[in-house]
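Below: the structure, in structure tokens.
Sequence lines set the chain letters: A, B, ... in the order given, protein chains first and strands last, and positions in each chain run from 1.
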Amino acid sequence: MKRKRVPVSEEQEWVRRSRKGDKEAFSRLVEKYRKRIYNLTYGMLGNREDALDMTQEAFLKAYRSLQGFRGGSDFYTWLYRIAYNRVIDHYRKEGRKRHVEYDDTYVPSDEESIRTSPSSYFQPGRELDRKELGRVINNAIQSLPEQQRAVIVLREVEGLSYDEISASLGIRRGTVMSRLHYARQRLQEILKPYLKEGEIHEG
Amino acid sequence: MKDKCKSIHPILGAWFDGELPDHKSRRIARHVEACPACRAEVDRIKALRSLLQDGFAAAVTAEDEALSSLHQRIMKRIPERETKNRKRTGREGPLMSFFRFRRITLPMAVTAMLVAAVFFTIYKPAPSVIKTGSVNDCIVDDLESGGRTVLLFKTHGSAMTVIWVVGNPDT
Ligand SMILES: [Zn+2]
């Protein structure tokens with residue numbers, strides 16, 4: 001997915017004015033980034049209500065913290081960081097009750113299997129139920145360890161570079177790379193029925 | 001799986017993402033071209049990406065309305081600030097605006113004072129800065145606390161930052 005970029009100077013102007021207490025300027029920033037922040041929180045939490053709550057809290061926190069943003073990094077990576085940390089706090093507060101452990105037992109339900117036989121995703125002319133597809137993908141992402149969810153969303157959905165992910169989550173580039181590798185391995189395993197089988201020729 | 005493939009496997013994703021240095025990237029490209037197993041792995045990474053993108057878009061597809069009402073809730077919860085001096089009309093605007101009340105924590109103000117004291121002994125204030133266009137263009141920041149205002153100026157033609165400490169006439 002391509003990200004639309006606002007010319008830096010315009011965005012910087014919005015940030016500058018927001019810091020001076022200009023609500024209208026801040027509103028422009030919310031409009032620009034609300035979907036992206038929601039995508040991150042939804043990817044990390046897997047449910048709509050919590051994701052909307054966290055998105056709201058992230059923007060309110062961002063507004064209160066704007067004085068601390070000196071423009072040394074991009075505004076959106078700073079914003080992502082706030083949202084990410086907010087969700088991490090949420091994980092901690094919720095404790096183990098919503099923590100999804102590494103789950104090797106995940107199997108698509110019979111219903112899913114019938115309606116979406118292996119490799120059906122790539123068959124032209126056959127539409128996979130969108131709602132169903134959304135649910136399958138959400139479940140798959142939620143079955144990842146918490147640490148890996150944000151990385152996979154920022155890379156595969158939001159299209160961020162490793163450097164941008166590193167800045168957004170406050171983790172090293174090498175960590176981005178390894179988390180992404182394990183997340184992809186795991187997702188390929190879980191989503192096998194929905195992926196076209198690659199032809200593997202062992203030498 | 002061959003040894004070569006084993007060593008490449010963990011970084012194949014990074015290669016696909018275009019995140020490896022050129023020399024490494026070229027080496028892997030040559031191998032992938034000649035190796036069906038690694039090509040299949042790249043295809044799986046590619047297929048996973050498009051599945052994730054489509055599936056995620058499907059999962060959040062109905063949220064545009066929810067996000068726009070969320071936006072309104074956010075704006076309602078942001079406090080109104082002093083706005084009467086914000087309008088920039090004539091010459092008064094920018095001048096008024098930099099005396100506008102700014103909330104700042106005490107430690108930050110103290111730090112700013114110390115920094116100001118140090119710079120004050122090193123640099124001379126450059127009055128010419130006022131003459132260059134709008135005053136606001138030159139101000140990097142203004143901090144106010146405890147009856148004093150610290151103004152950070154950027155002088156034209158150099159990267160030097162000059163800090164002025166101004167007593168507040170009200171106190
Ligand atoms: Zn190979």
Side-chain angles (χ1 to χ4, degrees), chain A residues 1 20-23 26-27 30-31 34-35 38-39 42-43 46 48 51-52 55-56 59-60 63 67 121-122 128-138 140-141 152-153 155-157 159 161-163 173 176-178 180-181 184-185 187-188 191 194-203, chain B residues 1-2 5 9-14 16-20 35-37 39-45 47-64 66-75 77-83 86 97 100-105 108 141 143:
Chain A
M1 248 173 247
K20 305 262 176 198
D22 184 340
K23 277 181 76 170
F26 189 69
S27 183
V30 175
E31 181 157 14
R34 63 194 190 194
K35 186 69 190 277
Y38 178 77
N39 282 352
Y42 184 85
R48 194 173 172 275
L52 286 169
T55 302
Q56 172 168 329
F59 276 111
L60 292 172
Y63 188 79
Q67 294 301 330
Y121 181 69
F122 288 94
L128 178 64
D129 186 315
R130 299 279 297 162
K131 234 181 189 172
E132 181 98 341
L133 176 64
R135 202 163 56 79
V136 167
I137 295 306
N138 186 31
I141 293 173
I152 205 84
V153 169
R155 171 62 248 179
E156 302 294 49
V157 178
S161 72
Y162 291 9
D163 283 339
R173 206 171 179 281
V176 173
M177 207 182 284
S178 68
L180 199 49
H181 172 67
R184 278 169 166 162
Q185 292 289 108
L187 289 172
Q188 278 180 6
L191 295 169
Y194 307 95
L195 291 163
K196 189 166 76 175
E197 280 299 308
E199 288 151 88
I200 299 158
H201 304 286
E202 285 287 330
Chain B
M1 205 186 264
K2 293 174 205 156
C5 301
H9 187 244
I11 53 171
L12 215 46
F16 177 70
D17 290 331
E19 295 277 356
L20 294 180
C35 174
R39 259 208 318 278
E41 175 63 19
V42 171
D43 285 346
R44 281 192 292 269
I45 294 170
L48 177 66
R49 170 171 299 172
S50 69
L51 179 61
L52 286 173
Q53 288 181 348
D54 280 8
F56 199 89
V60 298
T61 195
E63 308 302 19
D64 285 353
L67 284 172
S68 112
S69 58
L70 179 79
H71 188 160
Q72 286 169 0
R73 284 204 301 282
I74 290 169
M75 297 321 292
R77 287 188 52 180
I78 286 175
E80 290 288 348
R81 294 208 185 172
E82 184 83 42
T83 55
R86 195 179 298 139
S97 74
R100 191 159 22 91
F101 176 73
R102 299 275 303 274
R103 242 175 278 173
I104 182 166
T105 56
M108 246 183 97
D141 210 343
L143 314 166

### Message
Whether the side chain of B:E19 engages the backbone of A:Y162 through a donor-acceptor N/O pair (distance < 3.5 Å, no angle test) should be reported.
### Response
yes

### Message
As an exercise, state the distance from CG of B:L52 to CD1 of A:I141, rounded to the nearest 0.5 Å.
### Response
5.5 Å

## Note on the structure
Looking only at A:H181, A:M177, A:E31, most heavy-atom pairs under 4.5 Å shared with chain B are made by A:H181

### Atom group of A:L180 that falls short of 4.5 Å from chain B, counting heavy atoms
side chain

#### Entry: Closest contact, heavy atoms only, A:K23 versus B:I78
NZ-O, 3.1 Å

### side-chain hydrogen bond (donor to acceptor under 3.5 Å, both in side chains) partners for B:R39, two or more places apart
none

### Summary
Contacts of B:R77 meeting side-chain hydrogen bond (donor to acceptor under 3.5 Å, both in side chains) (sequence neighbours excluded), chain-then-number -> none

### Query
Which pair of heavy atoms, one from B:A66 and one from A:L52, lies closest together, and at what distance?
CB-CD1, 4.2 Å

#### Entry: Most contacts with chain A, counted as non-hydrogen pairs under 4.5 angstrom, among B:I74, B:L67, B:L70
B:L67

#### Entry: Check against side-chain contact (heavy atoms from CB on, under 4.5 Å), B:T61 and A:K131
CA-CA 9 Å; B:T61 195; A:K131 234 181 189 172; over 6 Å; no

### Contact leader toward chain B among A:F26, A:F59, A:Y38, where contacts are heavy-atom pairs under 4.5 Å
A:Y38

### Query
What part of B:S68 is in contact with chain A, defined as an atom under 4.5 angstrom from a non-hydrogen atom: side chain, backbone, both or neither?
both

### Message
Any non-hydrogen side-chain atom of A:Q185 less than 4.5 Å from a side-chain atom of B:H9?
### Response
yes

### Message
Looking at every non-hydrogen atom in both residues, tell me the closest pair between B:F56 and A:N39 and how far apart they are.
### Response
CZ-O, 3.2 Å

#### Entry: Heavy-atom side-chain proximity of B:D64 to A:K35 below 4.5 angstrom
yes

## Note on the structure
Bottom line for A:V176: the part with an atom under 4.5 Å from chain B's heavy atoms is neither

### Query
For the candidates B:P79, B:A14, B:G18, which exhibits the highest count of non-hydrogen atom pairs separated by less than 4.5 Å from chain A?
B:A14

### Query
Quick one: CD on B:E41 to CZ on A:R184, what's the gap to the nearest 0.5 Å?
9.5 Å

#### Entry: B:Q53 backbone acceptor or donor facing A:E156 side chain under 3.5 Å
no

### Query
Going from NE2 on B:H71 to OG1 on A:T55, what distance comes out if it is rounded to the nearest 0.5 angstrom?
12.5 Å

### Message
Using a 4.5 angstrom heavy-atom cutoff, name the option from B:D17, B:I45, B:V60 with the most pairs to chain A.
### Response
B:D17

